[in-house]
Participant: 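Just passing along the structure, written as structure tokens.
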Amino acid sequence: MLRSVARKTALAGELRSSVSHLGQAELNSSSFTSRDVDILEKLLSEEVRIIGRGFRNEATEIGKRQAIGDDCDRKGGGMGYSNVHTQHIPSLESENLYRHVASPKTVSVIGLEVGAGTKALADLVESRLKLGRFPLILGGDHSIGIGSLAGILRARPNTGVIWVDAHADLNTPSSSDSGNMHGMPLAFMMKELVPDRSVIPGFEWLEKGTSPPRLSPDSLVYVGLRDIDKAERQFIRKLGIKTFTMYDIDHLGIGRVMDLALEHLLKHDFDRPIHLSYDIDAVDPMHAPATGTAVRGGLTWREAHFVAEHVVQSGALASAEIVEVNAELSDGRGASATVELGHQLVNALLGEAML
Ligand SMILES: NC(=[NH2+])NCCC[C@H](N)C(=O)O
């Protein structure tokens with residue numbers, strides 16, 4: 001079963017890329033190099049800053065993010081994919097509003113800013129997808145997933161999601177112990193967990209329109225989890241979400257895990273688009289220490305690359321994001337190792353292969 005699904009998904013990918021390659025010279029057919037790419041950069045770590053961990057230094061983050069975007073612009077031509085366009089989404093800063101927030105559990109206050117930022121991202125992602133482009137979103141923390149997923153699901157409601165992360169990011173505003181919105185993006189997309197988002201200040205927009213964006217639990221696969229909150233564990237079990245923890249990766253190997261992940265999402269529809277949401281903290285802190293909530297026992301350097309490479313190989317990757325890279329959170333060597341890994345994952349997602 002698995003083999004035939006893998007073969008068929010590869011075939012679907014080949015067909016799709018050969019069709020879209022018509023008329024384009026010398027493109028590598030094993031990847032989606034003919035697709036137009038949008039690199040969308042979104043800085044959004046407000047909630048972490050508010051609770052006073054000193055999470056970021058804007059100048060450094062912007063410098064680093066520009067470096068990633070510029071690098072893609074430069075490499076774009078060389079790697080064969082065309083028309084790479086980088087767009088920086090401005091952060092909606094309103095320092096004064098948040099300076100005196102006393103309690104970190106004030107999601108309603110924090111939500112105003114995260115809500116506005118994710119709405120802007122959702123609108124952009126939706127419009128780019130409708131133009132047939134491939135959005136690659138660079139965070140920022142994982143709360144931007146609310147915007148990415150909303151935009152993606154509005155444009156293509158049948159999208160399947162692979163969430164590569166040390167954490168489940170499935171807390172609701174009331175189940176969360178930390179109050180951090182980067183631990184909540186998936187709950188915001190599931191009607192079973194947050195049935196009415198119009199009551200959350202800042203997120204009323206998520207309920208607008210004839211069919212508000214929602215992710216069904218069986219359209220999600222987790223890879224790399226190892227730090228799951230108690231409530232999240234119950235949600236995962238109750239909703240039956242397909243989950244590959246680090247235990248499963250140790251047991252089965254990353255190759256089998258990624259095949260099973262793709263099979264789960266593509267078994268009923270080989271042409272289904274896949275969104276890969278990649279939190280750098282899925283990777284072991286030995287390789288990616290510059291992140292906010294590092295947890296030991298993560299993906300190796302090669303496993304980290306393989307995850308991206310294999311989803312690209314399936315031919316189904318339609319959008320991607322890399323989040324939680326924050327150079328401020330490590331010393332010089334740790335920061336550059338993490339940013340280097342971020343660059344390499346971007347390249348892998350854009351179709352760079354070993355051979
Ligand atoms: N995207 C992340 N780094 N999420 C970490 C979440 C940690 C914890 N589960 C929380 O809800 O606060």
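Quick note: residue numbers are just sequence positions, from 1. Atoms within a ligand are numbered from 1 in the order they appear, just like the ligands themselves.
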Participant: Which ligand 1 atoms does E324 reach within 4.0 Å, using its non-hydrogen atoms?
Facilitator: 1 (N), 2 (C), 3 (N)

Participant: Give the atom numbers and elements of ligand 1 that come within less than 4.0 Å of a heavy atom of G183.
Facilitator: 6 (C), 11 (O)

Participant: Quick one: nearest non-hydrogen protein atom to atom 9 (N) of ligand 1, plus distance?
Facilitator: D229 OD2, 2.7 Å

Participant: On the 0 to 90° scale, with breaks at 30° and 60°, tag the H142-W163 ring pair as parallel, tilted or perpendicular.
Facilitator: parallel

Participant: Taking both backbone and side-chain atoms of T293, is any N or O found less than 3.5 Å from an N or O belonging to ligand 1?
Facilitator: yes

Participant: Where is the nearest protein heavy atom to atom 7 (C) of ligand 1: which residue, which atom, and how far?
Facilitator: H167 CD2, 3.9 Å

Participant: Determine whether more than 12 heavy atoms belonging to other residues, nucleotides or ligands lie under 6.0 Å from atom CZ of R333.
Facilitator: no

Participant: Could you check which of D281, D169, N180 puts a non-hydrogen atom nearest to atom 6 (C) of ligand 1?
Facilitator: D169

Participant: Check the angle between the aromatic planes of H310 and F306 and answer parallel, tilted or perpendicular using the 30° and 60° thresholds.
Facilitator: parallel

Participant: Measure from the side-chain N and O atoms of E232 to the backbone N and O of L170, and report whether any donor-acceptor pair falls under 3.5 Å.
Facilitator: yes

Participant: How far is atom 11 (O) of ligand 1 from its nearest protein heavy atom, and which residue and atom is that?
Facilitator: N171 ND2, 3.0 Å

Participant: Taking N or O atoms only and a 3.5 Å limit, does D165 qualify as a polar contact for ligand 1?
Facilitator: no

Participant: Do side-chain atoms of R226 reach the backbone of R296 as a donor and acceptor pair under 3.5 angstrom?
Facilitator: yes

Participant: What atoms of ligand 1 come within less than 4.0 Å of a heavy atom belonging to D279?
Facilitator: 1 (N), 2 (C), 3 (N)

Participant: Heavy-atom contacts under 4.0 Å between I228 and ligand 1: side chain, backbone, both, or neither?
Facilitator: neither

Participant: Residue-level breakdown please: for M184 versus ligand 1, do any non-hydrogen atoms fall below 4.0 Å on the side chain, on the backbone, on both, or on neither?
Facilitator: neither

Participant: Would you indicate whether the side-chain heavy atoms of T245 and Y222 approach each other to under 4.5 Å?
Facilitator: no

Participant: Please answer whether the main-chain N or O of E303 pairs with a side-chain N or O of T300 as donor and acceptor at a distance below 3.5 Å.
Facilitator: yes

Participant: Using a 4.0 Å cutoff against the non-hydrogen atoms of H142, which atoms of ligand 1 qualify?
Facilitator: 1 (N)

Participant: Which of the atoms of ligand 1 are close to H182, meaning less than 4.0 Å from one of its heavy atoms?
Facilitator: 1 (N), 2 (C), 3 (N), 4 (N), 5 (C)

Participant: Taking atom types as modelled and ignoring hydrogens, do the side chains of R272 and S219 form a donor-acceptor contact shorter than 3.5 angstrom?
Facilitator: yes

Participant: Checking a contact table here: which protein heavy atom is nearest atom 12 (O) of ligand 1, and how many Å away?
Facilitator: S178 OG, 2.5 Å

Participant: Would you call V295 and D281 a side-chain contact if the rule is heavy atoms closer than 4.5 Å?
Facilitator: no

